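A quick write-up on the structure given underneath.
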Amino acid sequence: MLAKPNPEAILATALAALSADADWRKVLDALPAPIYVTDTEGSVTYWNQACVELAGRVPQLGSDRWCVTWKIYTTTGEFMPHAECPMAQAIHQQRTIRDAVAIALRPDGSRVAFCPYPTPLFDAKGKLTGAINMLIDVTEEQSEALHSQAERCRRLAGAIYSRDSTSVLEDMADGFERTAAELRKRQPN
């Protein structure tokens with residue numbers, strides 16, 4: 001099995017390139033992870049080819065806001081408006097967001113789970129100038145985690161005697177299994 005790239009090291013390279021004000025696009029284009037940049041209003045101003053591959057679409061300059069993906073869902077299958085995604089949170093709160101997982105729906109109907117690394121950008125005076133985000137594909141790991149969560153819900157449902165609670169847990173398990181199955185049937189790029 002190939003070693004996974006270190007997301008923090010990749011992000012550090014991207015941040016160094018942006019702060020150097022040199023030819024940062026060339027550096028970001030060469031990075032092995034999907035990376036994009038937004039302005040302070042969340043308008044996507046740059047993306048690398050890896051973003052296109054992960055999202056299954058070419059972002060639309062001037063109209064895409066907050067994220068390069070077509071649609072976003074939570075790991076429980078709930079629709080997440082782009083204005084509520086981790087990148088939007090990072091810009092609104094002016095802080096980095098870590099440890100989030102989201103699921104992107106591609107225009108072809110396939111799904112990909114990812115960990116975002118939204119990081120606000122500030123000028124020398126501390127004024128927000130935009131943000132950078134890196135998306136790490138965690139589809140395989142997330143599919144396995146959702147399947148395990150479904151199994152735990154079913155075990156718990158079998159161990160309790162409340163019909164209402166059992167029904168809720170079974171519905172949750174079905175939702176986790178459905179999302180895991182959608183991730184497993186992901187179509188190749």
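Source: prediction; values computed, not measured. Both backbone and side-chain heavy atoms feed into the values below; hydrogens, waters and symmetry mates do not.
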Report yes or no: does Thr119 contribute a side-chain atom to a donor-acceptor pair with the main-chain N or O of Tyr117 at less than 3.5 Å?
yes
Proximity of His92 and Trp66 rings by center, below 6.0 Å:
yes
Examine the side chains of Arg154 and Thr166 and answer whether a donor and an acceptor come within less than 3.5 Å of each other.
no
Would Asp64 and Arg57 pass as an ion pair if we require N to O under 4.0 Å?
yes
Residue Asp99 excluded, over 12 heavy atoms near CG under 6.0 Å:
no
Does a side-chain heavy-atom distance below 4.5 Å link Leu121 with Leu128?
no
Can you name the nearest heavy-atom pair linking Arg106 to Gly56, along with the distance?
NE-N, 4.0 Å
Quick one: do the Ser162 and Asp164 side chains pair a donor with an acceptor below 3.5 Å?
no
Evaluate the criterion side chain to side chain contact (heavy atoms under 4.5 Å, CB included) for residue pair Asp137 and Val112; output intermediate values, then yes/no.
CA-CA 7 Å; Asp137 185 337; Val112 59; 3.6 Å; yes
Among Ile136, Leu135, Thr139, which residue satisfies the side chain to side chain contact (heavy atoms under 4.5 Å, CB included) criterion with Phe114?
Leu135
Between Arg65 and Asp39, does any NZ, NE, NH1 or NH2 come within less than 4.0 Å of an OD or OE carboxylate oxygen?
no
Any salt bridge between Glu170 and Arg163, counting N to O under 4.0 Å?
no
Does the Lys NZ or Arg CZ of Arg111 fall within the cation-pi geometry relative to Tyr73 - under 6.0 Å from the ring centre and within 45° of the axis?
yes
Taking Arg98 for its side chain and Pro118 for its backbone only, find out whether a donor-acceptor pair lies under 3.5 Å.
yes
Under the side chain to side chain donor-acceptor pair (under 3.5 Å) rule, collect the residues that match up with Thr75, sequence neighbours excluded.
none
Provide the full list of side chain to side chain donor-acceptor pair (under 3.5 Å) pairs with a residue in residues 41-52, sequence neighbours left out, each pair given once.
Asp29-Tyr46
Donor-acceptor under 3.5 Å (Thr13 side chain, Ala9 main chain)
yes
